[in-house]
Each structure stands twice: as C-alpha cells, then as structure tokens.
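Report on the structure given below.
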Amino acid sequence: MIELPQEFQEKMKGLLGEEYGEFLASYEEPRNFGLRVNTAKISTEEFERLAPFHLKKIPWTKNGYYYEEQDAPARHPFYYAGLYYLQEPSAMTPASRLPVEPGHRVLDLCAAPGGKATELGARLRGEGLLVANDISASRAKALLKNVEVFGIANSFVVNAVPAKLAEQFEGFFDRILVDAPCSGEGMFRKDPAVAKVWDAEKPLACAKQQKEIVTRAAQMLAPGGWMLYSTCTFSPEENEEVIQYLLEHFPDMHLREIEGYEGFAPGLFGMEKCVRIWPHKMAGEGHFLALLEKDGDVASAMHPPLEAGAGKLTKSDRAVLDAFFADVKKEIDRNYVEVRKGQVYLLPKQLGERRGIPFLRNGLYLGELKKDRFEPSQSFAMALKMDEYAATLDLDYTDERVGRYLRGETIEVDDVATSRNKGWQLVCVNGYPLGWGKLVNGTLKNKYHPGWRMKV
C-alpha cells in the first residue's frame, strides 16, 4: 500500500468523516488506465471495431475507454496516427464538461502535456482558435507535439506567464480551461512519488499561484463566456477557496451546474455546484471541477476572421507551392499562408497579430521551401485525411513494415497499391495518416519525423 503522509491522513479524516475508511481502502486498489479517442479523426464506433485492445467504456466521458496495461497502446501504430490520447480517466472530465463548439475561441491556460488541449482542439473541428499555453518551455514542447499528432491546425502554442497573455487577450476567449498546477493529492495512487514530496505547506503555496492564474483567466474571458477550473487535489484551499476568491473579486462571474454522473460528489462549504471526484466513489483518481460563466451578451460563436497579416508569397514561392498543392484536396486558404525563412505556415484566421508573446507554433507548419521544391512537414501529414492527398500507401497495422517505417527505416512497398509509382506518398495505417515517404522504384525513402520515431 502507498505510504500516505500522516498530516495528509489527518486532513482527509476531517474532510471525509465516516467515509475516510472507504477512501483509505481505495489506495489498495490498482490504478486505472485510460485512453481518449480523437473524434476529429475517428468515431468511437469505428475505433471500437478497429482497435485490438481490451476496451471498456468510461461512463462519464463519451469518448473515453479503460484499457488493460498489457495492451500497451503507446506502442501501437494507432497511437502514432493520433487516434487517441493516453489519459487518466478522471482527468478526462474537465475538458468533457466545458461546452466547446466549432468556431469558439478557446484557451487552455495550463495546457502541458496536452491531454485537455487535444480534446478541446478536436471538438473545434478546425473552426475557431485553440490557444494552448504552458509557462514551462520544456513542457510546452511536449504540448506542441501532442497538438500536432492530433492534427489540430487552428492552434497557437505559446509559452508565457498568464499576466503576459492577459495583456494581449483581454475579453477575447469564449471558453477557457484552467487545469491549475496543484499539490497533486489526487494523484498519490497513480504516482506514489508525489506523496513522498508532499508537505502541509504545499497547498497554501499552490493556492496563492492559483488565485493569480484564475484572476488572469477571468480577465481574458469574453462577456457571456464560460470557464472551467480544475485541479487534481483534495485540498479546499486549492479548490473551493480559490473559487470563492474568484467570485468575490469578479462579481460578474457565477457558478453553473456541471453535467452530472452518479459518482460525482458536490463541492464542500456550500459550493454544491462544484464537483469533487473521490477515488472511493469512482474508478479514477481525485479531481475537482468548477464551471463558471461571465455575465454579458453572448457574442456569436462564429467570429468574423481577423486580418492574418500573412507575408506575401513571391512569384517563385507560389509556383513551387502550387505544384505540390495540386495534389492536396484539403482547403488551404492562401491568404493565410506565410513564409518565414523558407518555412511555410498556415496561420489561424481568428488570431490576428499578437506581438510580444513567446510561442512555439503559430498555426499549422506546412513544410519547407528548398530552392525549386517543397518538402511537406510531419505536422501537415497529421492534419490530413487519407483522401486529401493524391498518392497514398496504406498498410494494415499488423504489417511489420509499419513498425519499421515508424522507426525511420527504408521499406519495400512494390506490392502496395498507389496512384503513382514515384514521388511523395502519404503513408497511412488502416486509412489514417502516419507521415510522408518518397517512392523510388518500389522503395519508400523514409521521411518520418526523426524526433517522433518509435524507440526500438
């Protein structure tokens, strides 16, 4: 059994009373493993038919599934195709309870490594804008990869403190998710190392930071907008007390009911509209959620496009791009294509010009111009559907060449049907893109991103 800090145990006895015994017993149960389907790429019905895993529906999340540890989904080609994200079952709840629709301007303020951002981006269906931020540069890199694997083209992945973002985005977002950094008490069973570094002062220190974060988030929320605050801790100082602070300082904000589930428990201290997820009541770890709305007239969900400020393409650049994109069936609005030092980007229409914000990616990185040719990017491959490129090589996930391709090897494909026998090919697994290759006499030269390769 996990060794829980004594001060933590005393605190939980005070919060839970008669339920404390059940709570303590839950730490003797094994943790649950979950994955969340990327519904922007595949339906849950098709995923259930295709995936060779031991799947069981997570009842409070429409596209969430339990799997068994031996399934090893992180090693499967479908993971590399961006068909799902591995996520603790309770952690799927916050994004599922924020009502995001195509066309919304959405901010995930504390987004790394991307579990919630990828779900929000998938629900936008390529319309509107996803701004995904993390103050840690190293964590933001992991966030960017996950956003790109999921094929989210309308994103702005940034690495800034909330105060810096608030200067540029006051009253801008229709939806904001704040999955705040916290003391992590709800994750002790999943990661016993978190319990070892916990101390009684940590919740107080976290609460101070959380109040600053929600203050900046409230400033960035548009009138009529919705914000979901969540943590993976049990501490009232980081949960109900942070929400109370927000309501006191922003009287135009009010709590909303959260779509229920039989295992959800109400918030404490009179905040029944909040939700607490306890490990002894549900097959998941500990979480807290609060859904808030800002007063005011709700603007149309479909914002008019802002001026993109894209750099003008030179005649030679346009000719090279036209030659490649003649084979692309996905709509690419050239008014929002920008070339910077030979690198080609499709900018998100809803963003406009934002100066002074450190970012990792502005929109979709399409590829690189090299003299008289264009080399498409890995992220562009992930944003395509198989029928959106003229030349494809589709392999079954049981084909050993899929693993070899993902490890960066050259493979022989003269037995695989394709519409042309040379040049760029969109390499797919069971109809879902994995990356690029270049076909020469039945041999596929591997163009899979070196930094994404499957480890042996």
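All values reported here derive from a predicted model rather than from experimental measurement. This chain uses plain numbering: 1 for the first residue, then up along the sequence.
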Next item on the list: Report the C-alpha separation of Ser183 and Thr233 in whole Å, then their side-chain angles, then the decisive distance to 0.1 Å, and conclude whether the side-chain hydrogen bond (donor to acceptor under 3.5 Å, both in side chains) test is met.
Entry: CA-CA 6 Å; Ser183 59; Thr233 192; 2.8 Å; yes
Notebook entry, point to check: Are Asn159 and Leu360 side-chain neighbours, meaning at least one heavy-atom pair lies under 4.5 Å?
Noted result: yes
Margin query: Do Met227 and Leu246 make a side-chain contact, defined as non-hydrogen atoms from C-beta onward lying under 4.5 Å apart?
Written below: yes
Notebook entry, point to check: Would you find a donor on one side and an acceptor on the other, under 3.5 Å apart, between the side chain of Gln378 and the backbone of Leu434?
Noted result: yes
Check: What closest approach, in Å, do Tyr345 and Leu366 show between heavy atoms, and which atom pair accounts for it?
Finding: C-CD1, 4.2 Å
Note to self: Go through it in stages, so that I can follow the logic: the residues are Tyr405 and Tyr448, the test is ring-ring contact (aromatic ring centres under 6.0 Å, His included), and I'd like the CA-CA distance, side-chain angles, deciding distance and then a yes or no.
What the structure shows: CA-CA 7 Å; Tyr405 171 76; Tyr448 190 70; 5.4 Å; yes
Next item on the list: Please work out whether the ring planes of Phe53 and Tyr84 are parallel, tilted or perpendicular, with thresholds of 30° and 60°.
Entry: perpendicular
Check: Are more than 12 heavy atoms from other residues, nucleotides or ligands located less than 6.0 Å from atom NZ of Lys141?
Finding: no
Check: With a 4.5 Å heavy-atom cut-off, do Leu313 and Val344 have their side chains touching?
Finding: no
Check: Within the distance-only criterion (no hydrogens, no angle test), does the side chain of Lys62 pair as donor or acceptor with the backbone N or O of Thr44 below 3.5 angstrom?
Finding: no
Next item on the list: May I ask you to test the Glu7-Trp198 pair for a side-chain heavy-atom distance under 4.5 Å?
Entry: yes
Check: Taking atom CD of Gln70 as the centre, does the number of heavy atoms from other residues, nucleotides or ligands within less than 6.0 Å exceed 12?
Finding: yes
Notebook entry, point to check: For Phe78, which of Tyr67, Phe47, Tyr397 qualifies under ring-ring contact (aromatic ring centres under 6.0 Å, His included)?
Noted result: Tyr397
Check: Are Thr231 and Asn239 linked by a side-chain donor-acceptor pair shorter than 3.5 Å?
Finding: yes
Next item on the list: Working to the nearest 0.5 Å, report the span between CD1 of Ile243 and NZ of Lys211.
Entry: 11.0 Å
Note to self: Looking at Phe33, I'd like to know if the NZ or CZ of Arg31 sits under 6.0 Å from its six-membered ring centre while staying within 45 degrees of the ring's axis.
What the structure shows: yes
Notebook entry, point to check: Should the pair Trp60 and Tyr66 be assigned to parallel (<30°), tilted (30 to 60°) or perpendicular (>60°) ring geometry?
Noted result: perpendicular
Item checked: Nearest non-hydrogen partners of Pro251 and Glu248, listed with the distance -> CD-O, 4.3 Å
Next item on the list: Just say parallel, tilted or perpendicular for the rings of Phe325 and Phe374, cut-offs at 30° and 60°.
Entry: tilted
Next item on the list: Go through Ser379 and Arg361 one step at a time and tell me if the side-chain hydrogen bond (donor to acceptor under 3.5 Å, both in side chains) criterion holds.
Entry: CA-CA 11 Å; Ser379 54; Arg361 183 74 79 242; 5.2 Å; no
Note to self: Rounded to the nearest 0.5 Å, what separates atom CE in Met253 from atom CG in Asp295?
What the structure shows: 9.0 Å
Notebook entry, point to check: Between Lys116 and Glu119, is there a salt bridge with N-O shorter than 4.0 Å?
Noted result: no
Note to self: Within this structure, what is the OH-CG distance for the pair Tyr229 and Leu109, rounded to the nearest 0.5 Å?
What the structure shows: 11.5 Å
Notebook entry, point to check: How many angstroms lie between atom CG of Leu291 and atom NE2 of His254, to the nearest 0.5 angstrom?
Noted result: 9.0 Å
Item checked: Under 3.5 Å donor-acceptor, Tyr336 side chain and Leu347 backbone -> no
Next item on the list: Determine, for Tyr389 and Lys329, whether the Lys NZ or Arg CZ falls below 6.0 Å from the six-membered ring centre while staying within 45 degrees of the axis.
Entry: no
Notebook entry, point to check: Can you say whether the rings of Phe23 and Phe8 are parallel (under 30°), tilted (30 to 60°) or perpendicular (over 60°)?
Noted result: tilted
Note to self: Does any part of the side chain of Pro181, heavy atoms only, come nearer than 4.5 Å to the side chain of Cys206, both counted from C-beta?
What the structure shows: no
Next item on the list: Ignoring hydrogens and angles, tell me if any N or O in the side chain of Asp252 forms a donor-acceptor pair with the backbone of Lys294 under 3.5 Å.
Entry: no
Notebook entry, point to check: Under the 3.5 angstrom rule, does the side chain of Asp394 hit a backbone N or O of Gly431 as a donor-acceptor pair?
Noted result: yes
Next item on the list: With rounding to the nearest 0.5 Å, note down the distance linking CD1 in Ile135 to NZ in Lys164.
Entry: 15.0 Å
Checklist line | Cationic N near anionic O, under 4.0 Å, Lys208 to Glu212 | finding: no
Margin query: Please verify the inter-ring angle class for Phe156 with Phe359; under 30° counts as parallel, over 60° as perpendicular, anything in between as tilted.
Written below: tilted
Note to self: Under the criterion side-chain hydrogen bond (donor to acceptor under 3.5 Å, both in side chains), I'd like the reasoning laid out for Glu48 against Tyr65: C-alpha separation, chi angles, the key distance, then a yes or no.
What the structure shows: CA-CA 10 Å; Glu48 288 177 17; Tyr65 294 85; 2.6 Å; yes
Notebook entry, point to check: Phe264 vs Tyr261 aromatic rings, parallel, tilted or perpendicular, using cut-offs 30° and 60°?
Noted result: perpendicular
Item checked: Heavy-atom closest contact (Gly224 atom, Arg175 atom, distance) -> O-NH1, 4.4 Å
Notebook entry, point to check: At what distance, to the nearest 0.5 angstrom, does OG of Ser377 lie from NZ of Lys447?
Noted result: 13.0 Å
Next item on the list: Please report the closest heavy-atom contact between Asn32 and Arg189, naming both atoms and the distance.
Entry: ND2-NH2, 4.1 Å
Margin query: Do Thr93 and His287 make a side-chain contact, defined as non-hydrogen atoms from C-beta onward lying under 4.5 Å apart?
Written below: no
Margin query: For Glu148, is there an ion pair with Lys145 - N to carboxylate O distance below 4.0 angstrom?
Written below: no
Item checked: Within 6.0 angstrom of Glu170 CD, more than 12 heavy atoms from elsewhere -> no
Check: Do you see a donor-acceptor pair shorter than 3.5 Å between the side chains of Arg97 and Ser230?
Finding: no
Notebook entry, point to check: Which pair of non-hydrogen atoms, one from Ala381 and one from Pro433, has the smallest distance, and what is that distance?
Noted result: O-CB, 3.4 Å
Next item on the list: Check the surroundings of atom NZ in Lys57: do more than 12 heavy atoms from other residues, nucleotides or ligands lie under 6.0 Å from it?
Entry: yes
Next item on the list: Keeping the roles fixed (side chain from Glu388, backbone from Lys385), state whether a donor-acceptor pair exists under 3.5 Å.
Entry: yes
Check: Is there a donor-acceptor contact under 3.5 Å from the side chain of Asp108 to the main chain of Ala132?
Finding: no
Next item on the list: Indicate the atoms forming the closest heavy-atom contact of Gln219 with Ala166, along with that distance.
Entry: OE1-CB, 3.6 Å
Check: Is the shortest heavy-atom distance from the side chain of Pro236 to the side chain of Arg276 under 4.5 Å?
Finding: yes
Notebook entry, point to check: Do Asn38 and Val149 come within less than 4.5 Å of each other through their side chains, counting heavy atoms only?
Noted result: no
